[in-house]
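Reminder, nothing fancy here: chain letters follow the sequence lines and each chain counts from 1.
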2 protein chains.
Amino acid sequence: MKFEAVTIKDIAIALGLSTSTVSRALRDSYEISPATKKIVLEYAEQINYRPNPIALSLKEKRSHSIGVIVCEIANSFFSQAINGIESIAYSKGYNVIISQSHESYEREVIDLNYLASRSIDGLLISVSAETENFSHIQSLHDRGFPIVFFDRAVESIDTHKVIVDNNKGAFDATEHLIKSGYQRIANLAGSPHLSITKDRIKGYRNAIETNGLHYEEAYTQYCLHGGMVYEEVEKALDAMMALSNKPDAIVASADKLTTNCIRYFKSKNIRVPEDVALIGFSNLDIADLLSPSLSVVRQPAFAMGQIATELLLKMIESKRAVSEFENRVLPLEIMVRESSTPLK
Amino acid sequence: MKFEAVTIKDIAIALGLSTSTVSRALRDSYEISPATKKIVLEYAEQINYRPNPIALSLKEKRSHSIGVIVCEIANSFFSQAINGIESIAYSKGYNVIISQSHESYEREVIDLNYLASRSIDGLLISVSAETENFSHIQSLHDRGFPIVFFDRAVESIDTHKVIVDNNKGAFDATEHLIKSGYQRIANLAGSPHLSITKDRIKGYRNAIETNGLHYEEAYTQYCLHGGMVYEEVEKALDAMMALSNKPDAIVASADKLTTNCIRYFKSKNIRVPEDVALIGFSNLDIADLLSPSLSVVRQPAFAMGQIATELLLKMIESKRAVSEFENRVLPLEIMVRESSTPLK
DNA sequence: TTTTTTTACGCAATCGTTCCCGTTAATTAG
DNA sequence: CTAATTAACGGGAACGATTGCGTAAAAAAA
């Protein structure tokens, strides 16, 4: 079934004008007399004329839409970030096309190629946890395609990046646990391929050592799919809990890691914070409704989306190739609640 | 900055052929000799040629993308539904463009006009809670634009609809509370403009009366923005709780209503289920992690998204106008947990 | 060998818009 | 009153791809 819309040609024929005149009248060109403009404008309004964005795109070589690749939209952080992205994009007349990688490298490559075949003007991407090889992104970037990373950036690719101070966030979270009296603090980490994972581990380790505690290798366990796969989290926590000196507190380094950690504790009847305290990176908006309420490291997701989009649009709309790239590092917020209650 | 891609013309010039020959060679037309095909295909591969989807759209009057309007993607039900939508759309070569109404009528109208101006081939919509006047959707539908409703449908517009058996869901939830010994069951309802709200109230009331309880007007309180605005939920619950015979159980009729209900109880130190039992419509994937774990009426969100998309694509790809519309009603699932523990 | 058929390609229109050039008629300048 | 200017509009190419039609050369049939 087809949806026929009215074109400039229809107006031209109806009014006995040429398409060029109609086009100019609609764009309020000085070459058209006020009288003609009035006639055209009124008729266009009457028959509800809308310019065909596809024809415009073809002519201007711009689609006025941007692509977004995230792992999951059913994830508080990303859905909030997308809200930020949309708020800026729509206000500037851009469409947003969202793709999910579901943390799969293969899907990410497919999504990227799909979007990049010239239906989008630029790309916002937070790479999949599985991704180790970034050549698909690199080659696009090399060909001058505007790309902005947010949250999960690729170190080796030089373009705008909007990230958070993961190092400090993990440091603060860990130090908070230490100051609350916990001594054996473990780190439930995400994918080892992601720079955010490395930064968070760095902050975690630094806090441990700065505060005179012993850094224990086995206290850091990775989950390749960033908590998406429960079994991975289960395995990681089993490994920690099997240690002779098992942890008395955990820093969980991602949204899904945090919730699956809670799920694990619940299934094993491990009490929080009595048996193990917990603080997690999370943007869950009901973290305060859990019992115990959840201490979190919260990312400014909405702002990240906004800033990333502003940078991307600036890059898209700049006349010449951009070579100076910004690296925005936003602060994290720690919200202390019951799950990390100080030891008596 | 501009991203120049290679066109069929580039190939034609480089190979000393005409664009038609190249086009036919790429589409494997019988009119082209195997030798020429080989040359073209290899060269195209070498310079990484991708057909320009915008040019194709202009020619075929189809953009191969569908629009989705939901109130919020940061809502478990909708993000799961979108996953279902994407899974079908991508597998059939369609793009998905998502817009959020944030439960605002005004935004919905803007989003609709934006999407409809021929950049999309069809629309999946779950109307905003605020929307009372549906003429913007109606007029689009009248002009033959393919539209499929999911979850929140508009009764007066005759097109495909994918909904759930809200009546039965509310009936079952309410009856479950009754069978668990609760007697004064209230209904925290969503927007009075939505048909799902009416159906859920119908089911609720039917369960009350079928089971020989007294139906009390004041036990049903509406929230115009479906729980998005905490103050509305607070006001509704305040009204219920101020009653002399205040409720001993609540059926919350939407995702955000349910979570904000929990937030209210927590802030007022009302214990669940001891003071008030609770069962809510919710697709929250951590409902089991709350304490008490939350009894829910769960919607098959993913499947709804899939079915709605299949119906939409069928409508888009059908040669002639569709006049027989389907009304798919999916079953709801009740998951009983601690928040509606039977009274002793 | 001549005629017919087939093969393999090119030309040009089309989709909806914009925009660079004309071109006519009216206006102004000289 | 003639020449130069300008106002107001139309013609047509372009964006990238597809496709109906025309046509040269080669192959097959007569």
Side-chain angles (χ1 to χ4, degrees), chain A residues 1-41 43-44 47-65 93 116-121, chain B residues 2-41 43-45 47-65 93 95 116-121 143:
Chain A
M1 117 170 261
K2 231 172 343 183
F3 178 67
E4 300 287 352
V6 9
T7 74
I8 248 183
K9 201 172 175 183
D10 298 329
I11 301 181
I13 293 172
L15 263 39
L17 293 168
S18 75
T19 58
S20 6
T21 306
V22 175
S23 172
R24 287 195 181 89
L26 291 170
R27 317 199 105 238
D28 201 27
S29 160
Y30 68 97
E31 289 184 287
I32 306 298
S33 73
T36 310
K37 274 182 194 168
K38 189 161 176 293
I39 295 172
V40 172
L41 254 21
Y43 186 72
I47 62 172
N48 196 33
Y49 167 79
R50 305 274 161 217
N52 183 335
I54 292 175
L56 284 174
S57 296
L58 181 59
K59 188 125 232 307
E60 299 180 0
K61 301 195 172 203
R62 301 253 315 267
S63 64
H64 279 275
S65 58
S117 56
R118 257 185 321 181
S119 52
I120 56 166
D121 296 339
Chain B
K2 232 174 340 186
F3 177 66
E4 300 287 353
V6 11
T7 75
I8 244 182
K9 200 172 175 183
D10 298 330
I11 301 181
I13 293 172
L15 263 39
L17 294 167
S18 76
T19 58
S20 12
T21 305
V22 175
S23 172
R24 288 193 180 89
L26 291 170
R27 316 199 104 236
D28 200 27
S29 161
Y30 68 97
E31 289 185 286
I32 306 298
S33 73
T36 310
K37 273 182 196 170
K38 188 161 177 292
I39 295 172
V40 172
L41 254 23
Y43 185 72
E45 165 76 13
I47 63 173
N48 195 34
Y49 167 79
R50 304 274 161 216
N52 183 335
I54 292 174
L56 284 174
S57 296
L58 181 59
K59 182 130 230 308
E60 299 181 0
K61 302 197 171 201
R62 301 253 315 269
S63 65
H64 279 273
S65 58
N95 252 324
S117 55
R118 258 186 317 182
S119 53
I120 56 167
D121 296 339
R143 283 182 286 157

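- Here D:dG16 presents its P atom at 13 Å from CD1 of B:I47, a figure rounded to the nearest Å.
- Inter-residue side-chain proximity for B:E45 and B:L41 is flagged as unmet; no heavy-atom pair is nearer than 4.5 Å.
- Among the atoms of the strands shown, only primed sugar atoms or phosphate atoms (P, OP1, OP2) are found under 4.0 Å from some heavy atom of A:T36.
- OP1 or OP2 of C:dC9 lies within a sub-4.0 Å distance of a side-chain N or O belonging to B:S33.
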Produce the list of close N/O pairs, under 3.5 Å, pairing protein atoms with atoms of nucleotides 18-21 of chain C; give distances to one decimal.
from: C:dT18; atom 1: OP1; to: A:R27; atom 2: NE; distance (Å): 2.9
from: C:dT18; atom 1: OP2; to: A:S23; atom 2: OG; distance (Å): 2.7
from: C:dT18; atom 1: O2; to: A:K59; atom 2: NZ; distance (Å): 3.2
from: C:dC20; atom 1: N4; to: A:R24; atom 2: NH2; distance (Å): 2.3

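- Going from atom CG of A:D10 over to atom C1' of C:dC15 covers 13 Å, rounded to whole Å.
- Residue-to-nucleotide proximity on DNA chain C shows that, of A:L58 and B:Y30, the 5′-proximal contact is made by B:Y30.
- Between A:K61 and the phosphate of D:dG16, there is a side-chain N or O to OP1/OP2 separation shorter than 4.0 Å.
- A:N52 is not listed as a side-chain neighbour of A:T7, based on a closest heavy-atom distance of 4.5 Å or more.
- Separating the NZ atom of B:K37 from the C1' atom of C:dT7 is a distance of 12 Å, rounded to the nearest angstrom.
- The CG-P distance, from A:D28 to D:dA8, rounds to 13 Å in whole Å.
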Determine whether A:V22 and A:L15 satisfy the following criterion, side chain to side chain contact (heavy atoms under 4.5 Å, CB included), listing intermediate values before the conclusion. CA-CA 9 Å; A:V22 175; A:L15 263 39; 5.6 Å; no
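- As a whole-Å value, the separation of A:R62 CZ from C:dT17 P is 18 Å.
- Taking CD1 of B:I54 as the reference point, atom CZ of A:R62 lies at 10.5 Å (rounded to 0.5 Å).
- Looking at B:S63 and B:S57, their side chains come closer than 4.5 Å, going by heavy atoms from C-beta outward.
- When side chains are defined from C-beta on, A:R27 does not count as touching A:S29, because their heavy atoms never get closer than 4.5 Å.
- A:K9 places its NZ atom 13 Å from the P atom of D:dG12, with the value rounded to the nearest Å.
- The distance between atom CG of B:L15 and atom C1' of C:dA8, rounded to the nearest whole Å, is 15 Å.
- Counting any heavy atom pair closer than 4.0 Å across all strands shown, B:I54 reaches no nucleic acid atom.
- Minimum interatomic distance between B:Y49 and B:V6 (heavy atoms only, all atoms of both residues): CD1-O, 3.5 Å.
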